[in-house]
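Protein chains get the first letters and strands the later ones, always in sequence-line order, with residue 1 at the start of each. On a predicted model such as this, the values are computed, not experimentally measured, just so you know.
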2 protein chains.
Amino acid sequence: MPRIPSAEEADFLRRYSIHDFDVPLTTVDLVIFTLRQERLQVLLVRRSDHPYKGEWALPGGFIDVRQDVDLEATARRKLQEKTGVVTPYLEQLQAFGGPQRDPRGWSVTLAYYALLSADSLQHTNTEGADDSDWLDLEGEGVPYELAFDHAQILRCAVQRLRSKVAYSSLLVHLVPVEFTLSELQRVHEQVLNRSIDKSAFRKRIRDGDFLEEVPGKMRHGSNRPAQLYRLRPELGTHYYPRLLGGREPNPVA
Amino acid sequence: MPRIPSAEEADFLRRYSIHDFDVPLTTVDLVIFTLRQERLQVLLVRRSDHPYKGEWALPGGFIDVRQDVDLEATARRKLQEKTGVVTPYLEQLQAFGGPQRDPRGWSVTLAYYALLSADSLQHTNTEGADDSDWLDLEGEGVPYELAFDHAQILRCAVQRLRSKVAYSSLLVHLVPVEFTLSELQRVHEQVLNRSIDKSAFRKRIRDGDFLEEVPGKMRHGSNRPAQLYRLRPELGTHYYPRLLGGREPNPVA
DNA sequence: TGAATAGTGTCTGTTAGACATTATGCA
DNA sequence: TGCATAATGTCTAACAGACACTATTCA
């Protein structure tokens with residue numbers, strides 16, 4: 001429903017130019033998580049241009065005012081350029097802004113975070129590329145200096161991920177489309193860095209009611225086969241009324 | 001710790017001008033809540049300039065790249081201009097961006113929401129001013145058209161407030177510095193729009209352990225006097241491990 | 001048969017909420 | 001004394017987690 005401006009407002013708009021003002025620089029940055037070899041990893045790139053040329057940074061870039069229909073579109077576009085993945089879990093993290101964070105001047109970045117399953121990356125070329133790489137998370141960050149305030153953004157994203165995992169079904173997005181409950185539980189234990197009681201975990205999943213069995217499909221190994229599950233279609237993230245292990249954090253495994 | 005750019009980067013920065021690029025317009029908007037006459041209210045202003053001149057909008061404005069040290073500083077500055085309040089509860093809500101939301105072009109707004117107690121407003125002049133007013137919330141919004149996408153932002157803020165109230169101590173900021181537990185409970189019931197069991201509410205507050213009695217001070221009426229409480233100093237927002245009324249929503253009072 | 005993991009069952013302590021009861025001021 | 005609200009107590013159903021047990025495959 002396009003709104004019709006008044007003649008007076010139309011005149012105002014005709015004369016308006018954003019270049020008459022001191023405006024902040026605006027970018028979108030991405031914290032892209034995946035889980036490989038049982039480790040939580042984040043995608044970083046080596047900057048190809050000034051400022052911070054050659055240093056590790058979060059992938060990101062400028063809004064394309066000609067093609068992006070909203071902020072999330074910018075984020076999705078950047079994410080697809082870097083990973084090839086088109087339908088990840090993507091959520092706005094937070095905006096960061098200030099005069100110092102970018103040497104070009106007062107800047108704002110809209111930070112997003114994304115969750116990708118390792119198998120969605122199988123056929124993309126981020127593997128060992130010269131200009132980008134998956135790095136293991138250690139604690140709330142990565143043992144390198146990052147450009148701009150990206151270390152702070154990354155820390156913020158890790159905290160958000162950890163806290164949201166404790167009351168939602170988020171982590172199904174770090175796992176292939178079909179998975180066993182034990183696999184999903186291990187992912188939770190990885191990310192939260194503590195062991196979870198199997199019985200409690202499975203009851204919680206059952207109550208959440210956002211998974212369905214893949215009929216007749218099992219994961220086989222040298223043990224009892226495990227039922228494969230998948231996300232129930234057309235369902236958003238499930239939110240639990242209480243935190244996982246809200247009371248007494250189990251001793252770390 | 002100011003970083004020293006290389007000579008090459010310094011040269012790049014010297015030539016850099018943001019005016020060489022198509023950049024989005026960036027603003028900060030505020031959803032300012034208070035509670036008066038037992039009603040949740042939001043501060044709206046009549047726009048004094050194009051676009052949307054004369055229509056209701058959320059208070060907000062441009063980042064002042066000369067004085068604002070970060071995004072929150074912009075928000076606090078705007079909030080103080082409108083309400084005179086300097087230390088409210090203030091939290092970033094979400095960023096909204098797109099080519100259509102402002103007729104001047106692709107724009108981004110950093111939305112914040114604030115909670116003010118009615119008594120912190122007592123001596124400010126927002127009361128019945130011609131260009132701004134407190135409006136009762138109805139449902140998730142206000143029964144007026146708002147400029148830009150401000151109706152959507154307001155709805156988002158109300159949802160965030162309601163959901164956060166259910167697992168945190170947020171609402172102490174809508175109440176005077178000294179208050180009774182019954183008053184605090186009524187505020188919760190107002191905002192959540194359902195009745196809460198007194199015993200459960202008080203146990204929850206006690207467990208949270210973020211309030212202290214004001215020694216010897218009571219609220220008197222034609223009934224048993226009530227102990228006054230205040231926020232324990234130096235404490236941030238308390239987060240509960242479970243939702244208030246997570247299971248079965250009580251019948252609405 | 002043993003190793004390994006899947007999957008289920010039982011028990012217990014904790015807790016939120018329903019509801020009832022007592023407490024204390026004022027008119 | 002009665003009214004209004006404060007404040008606390010009791011009971012119960014639900015539930016998370018601890019732990020143990022059974023199930024099922026492969027080697």
Side-chain angles (χ1 to χ4, degrees), chain A residues 38 165-169 175 178-189 192 194-209 211-214 216-229 238-253, chain B residues 38 165-169 175 178-189 192 194-209 211-214 216-229 238-253:
Chain A
E38 310 256 295
V165 161
Y167 63 89
S168 78
S169 63
V175 118
E178 298 184 352
F179 52 89
T180 69
L181 293 185
S182 296
E183 286 162 3
L184 186 59
Q185 180 176 345
R186 266 194 298 278
V187 173
H188 279 77
E189 292 173 332
L192 293 176
R194 34 170 269 257
S195 68
I196 300 167
D197 179 80
K198 179 161 61 163
S199 172
F201 182 78
R202 290 163 107 96
K203 251 183 284 183
R204 189 175 168 87
I205 295 291
R206 211 175 315 121
D207 291 348
D209 198 34
L211 297 185
E212 62 184 15
E213 302 184 356
V214 186
K217 289 188 89 174
M218 312 290 271
R219 173 92 70 232
H220 291 271
S222 60
N223 49 25
R224 174 171 172 177
Q227 176 64 53
L228 286 177
Y229 289 81
H238 178 79
Y239 295 97
Y240 292 96
R242 35 210 304 184
L243 296 181
L244 178 58
R247 195 124 344 272
E248 31 194 335
N250 287 345
V252 181
Chain B
E38 310 256 294
V165 161
Y167 62 87
S168 78
S169 63
V175 118
E178 298 184 351
F179 53 88
T180 69
L181 293 185
S182 297
E183 286 162 2
L184 186 60
Q185 180 175 344
R186 267 194 297 278
V187 174
H188 279 78
E189 291 174 332
L192 293 175
R194 35 170 270 258
S195 68
I196 300 166
D197 179 80
K198 180 160 63 162
S199 172
F201 182 78
R202 290 164 107 98
K203 251 183 283 184
R204 188 175 169 88
I205 296 291
R206 212 174 314 120
D207 291 350
D209 198 34
L211 297 185
E212 61 184 15
E213 303 183 357
V214 185
K217 289 188 90 173
M218 311 290 272
R219 172 93 67 232
H220 290 269
S222 58
N223 48 26
R224 175 171 172 178
Q227 177 65 52
L228 286 177
Y229 288 82
H238 178 80
Y239 295 96
Y240 292 96
R242 34 209 305 185
L243 297 181
L244 177 59
R247 193 125 348 274
E248 31 194 334
N250 286 347
V252 182

* To do: Please work out which residues in residues 200-209 of chain A have a non-hydrogen atom less than 4.0 Å from an atom of DNA chain D and list them by number.
  =>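 Those residues whose heavy atoms fall under 4.0 Å from DNA chain D, taken from residues 200-209 of chain A in numerical order, are A200(A), K203(A).
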Using the side chain to side chain donor-acceptor pair (under 3.5 Å) criterion, which residues pair with [X]? Sequence neighbours excluded.
{"X": "N223(A)", "answer": "none"}
{"X": "K217(A)", "answer": "E178(A)"}
{"X": "E213(B)", "answer": "none"}
{"X": "R219(B)", "answer": "E183(B)"}

* Asked: Can you list the residues that meet the salt bridge (Lys or Arg N to Asp or Glu O under 4.0 Å) rule with D209(B), with sequence neighbours excluded?
  ->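 Result, salt bridge (Lys or Arg N to Asp or Glu O under 4.0 Å) vs D209(B): R232(B).
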* Any side-chain heavy-atom pair from R194(A) and E189(A) closer than 4.5 angstrom? ->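 SC-SC contact between R194(A) and E189(A) ruled out.
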* Asked: Residues in ring pair (Phe, Tyr, Trp, His ring centres under 6.0 Å) with H238(A), at least two apart?
  ->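 H238(A) satisfies ring pair (Phe, Tyr, Trp, His ring centres under 6.0 Å) with F210(A), Y240(A) only.
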* Residues two or more places apart in sequence or in another chain: which of them pass ring pair (Phe, Tyr, Trp, His ring centres under 6.0 Å) with Y229(A)? ->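 Counting only residues at least two positions away or on another chain, Y229(A) forms no ring pair (Phe, Tyr, Trp, His ring centres under 6.0 Å).
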Look for any protein N or O under 3.5 Å of an N or O in nucleotides 24-27 of chain C and output each such pair with its distance, or none.
| from | atom 1 | to | atom 2 | distance (Å) |
| --- | --- | --- | --- | --- |
| dT24(C) | O2 | R224(B) | N | 3.1 |
| dG25(C) | N2 | S222(B) | O | 2.9 |

Rounding to an integer number of Å, can you tell me how far [X] [atom1] sits from [N] [atom2]?
{"X": "R242(B)", "N": "dA16(D)", "atom1": "CZ", "atom2": "P", "result": "8 Å"}
{"X": "Q227(A)", "N": "dA23(D)", "atom1": "CD", "atom2": "P", "result": "18 Å"}
{"X": "L243(A)", "N": "dA16(D)", "atom1": "CG", "atom2": "P", "result": "12 Å"}
{"X": "L184(A)", "N": "dT5(C)", "atom1": "CG", "atom2": "P", "result": "18 Å"}

* Asked: With sugar-phosphate meaning primed atoms plus P, OP1 and OP2, does S199(A) contact a base, only sugar-phosphate, or nothing at under 4.0 Å between heavy atoms?
  ->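 The residue S199(A) makes base contact.
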